[in-house]
Amino acid sequence: MGEIVQGLERALRTRPIPSDTKARLRFLLAAHRGSTLRVAAVLGVSQRTVQRWVTKKPGARRQPGPAQIQAIEAAVLERWQPRIRARLQARAEAEGFVLHTRARFGFAAAAGASDDPRVRRITQHLSGEVARELFAARDAGAGEQQQLMVLARALGHAYFRADGQRAHGVHIAFTDVEFADFSIG
């Protein structure tokens, strides 16, 4: 997962997911009303395997392997706080969001100009239209590069072009993202 996808995921959660595998399995069981069969179908393992992972009998308990631990984490992330995620996404699409990032950002200018691409730390409010475009790209399975292009266009318009008042026709460079955090509301 890229920095932008991770930043969006962090912005859409109000609480961290359960920290250990045992708690994550309890969450999945609760989400599927205690059905080990449904949890097994979600994780792609047998029902008996899930039963071995959650049993309380001494000596009968087994630990999931590394691939299963990743599948459990992905399943929990997918189901974690669905109503809060939907509400925050709708709010971002309506009101916009603030992007906090450190990345190589600028446009091709004369040598030594202050607008040359360089590592900058930027905090910029972006509109709800940008949020809709970014979430649509994420939901369509767009890669990190396509999401970077959406943010580059929006940052260039808001940061360098002063919302379309100057610097028309310049090509914005937005690369080498060190981190991307989003603040909604």
- Query: From L37 CG over to S46 OG, what is the distance, rounded to the nearest 0.5 angstrom?
  - Reply: 10.0 Å
- Message: Taking F97 as the starting point, is it possible to reach I84 by hopping between hydrophobic residues whose side chains are less than 4.5 Å apart?
- Response: yes
- Query: Which atom names give the shortest non-hydrogen contact between A103 and T175, and what distance separates them?
  - Reply: CB-O, 3.5 Å
- Tell me, do I184 and V98 make a side-chain contact under 4.5 Å, heavy atoms counted? no
- Taking atom CZ of R33 as the centre, report whether more than 12 heavy atoms of other residues, nucleotides or ligands fall under 6.0 Å from it. no
- Pair listing, side-chain hydrogen bond (donor to acceptor under 3.5 Å, both in side chains) test, anchored in residues 70-80, at least two apart: H32-R79
- Message: Per the side-chain hydrogen bond (donor to acceptor under 3.5 Å, both in side chains) rule, what does the pair list look like for residues 14-26, sequence neighbours excluded?
- Response: T14-Q81
- Query: Sequence neighbours excluded, which residues qualify as salt bridge (Lys or Arg N to Asp or Glu O under 4.0 Å) partners of E129?
  - Reply: none
- Message: Can a donor-acceptor pair be found, under 3.5 Å and without considering hydrogens, that links the side chain of Q146 to the backbone of A137?
- Response: no
- Message: I'd like to know if the side chain of R104 reaches the main chain of F174, judged simply by a donor and an acceptor atom lying under 3.5 Å from each other, with no hydrogens or angles considered.
- Response: no
- With R52, which residues qualify under salt bridge (Lys or Arg N to Asp or Glu O under 4.0 Å), at least two apart? none
- For I72, the option from L25, V45, V42 that meets side-chain contact (heavy atoms from CB on, under 4.5 Å): L25
- Message: Does this structure show an ion pair linking R120 with E178, if we count only N-O contacts that are shorter than 4.0 Å?
- Response: no
- Hey, are the side chains of L134 and L8 touching, using non-hydrogen atoms and a 4.5 Å cut-off? yes
- Task: Following the transitive rule for hydrophobic clusters with a side-chain heavy-atom cut-off under 4.5 Å over Ile, Leu, Val, Met, Phe, Trp and Tyr, establish whether V50 and F27 coincide in one cluster.
- Result: yes
- Task: Could you tell me which residues satisfy ring pair (Phe, Tyr, Trp, His ring centres under 6.0 Å) with F135, sequence neighbours excluded, listed by chain and number?
- Result: none
- Distance-minimising heavy-atom pair for L43 and A75: CD2-CB, 4.0 Å
- Message: In the structure I gave you, are the side-chain heavy atoms of E9 and R13 within less than 4.5 Å of one another anywhere?
- Response: yes
- Item | Side-chain heavy-atom pair F105, I122 within 4.5 angstrom cut-off | yes
- Query: Considering all heavy atoms of both residues, which atom of A142 and which atom of Q147 are nearest to each other, and what is their separation?
  - Reply: O-NE2, 3.7 Å
- Query: Can you name the closest pair of heavy atoms from P18 and V76 and give their distance?
  - Reply: CD-CG1, 4.1 Å
- Take V54 and L29, measure what side-chain contact (heavy atoms from CB on, under 4.5 Å) needs, and give me the verdict at the end. CA-CA 9 Å; V54 298; L29 280 170; 3.8 Å; yes
- Item | With R10 via salt bridge (Lys or Arg N to Asp or Glu O under 4.0 Å) - residues at least two apart | D181
- Query: Does R61 reach the side chain of K56, with side-chain heavy atoms less than 4.5 Å apart?
  - Reply: no
- Message: Would you say that I4 contacts T101 through its side chain, given a criterion of any heavy-atom pair below 4.5 Å between the two side chains?
- Response: no
- Message: I need the single residue from R87, E93, R85, R91 that forms a side-chain contact (heavy atoms from CB on, under 4.5 Å) with Q89. Which is it?
- Response: E93
- Item | Residue pair L126 / L151, side-chain heavy-atom distance below 4.5 Å | yes
- Message: How close do A154 and V130 get, counting heavy atoms only, and between which atoms?
- Response: CB-CG2, 3.5 Å
- Task: Could you tell me which non-hydrogen atom of L99 sits nearest to which non-hydrogen atom of A180, and how far apart they are?
- Result: CD1-CB, 4.3 Å
- Message: Are R121 and F179 packed together at the side-chain level, in the sense that at least one heavy-atom pair is separated by less than 4.5 angstrom?
- Response: yes
- Query: CZ of R38 to CD of Q47: how many Å apart, nearest 0.5 Å?
  - Reply: 11.5 Å
- Query: If only atom types and distance count, is the side chain of Q68 paired as donor or acceptor with the main-chain N or O of G65 below 3.5 Å?
  - Reply: yes
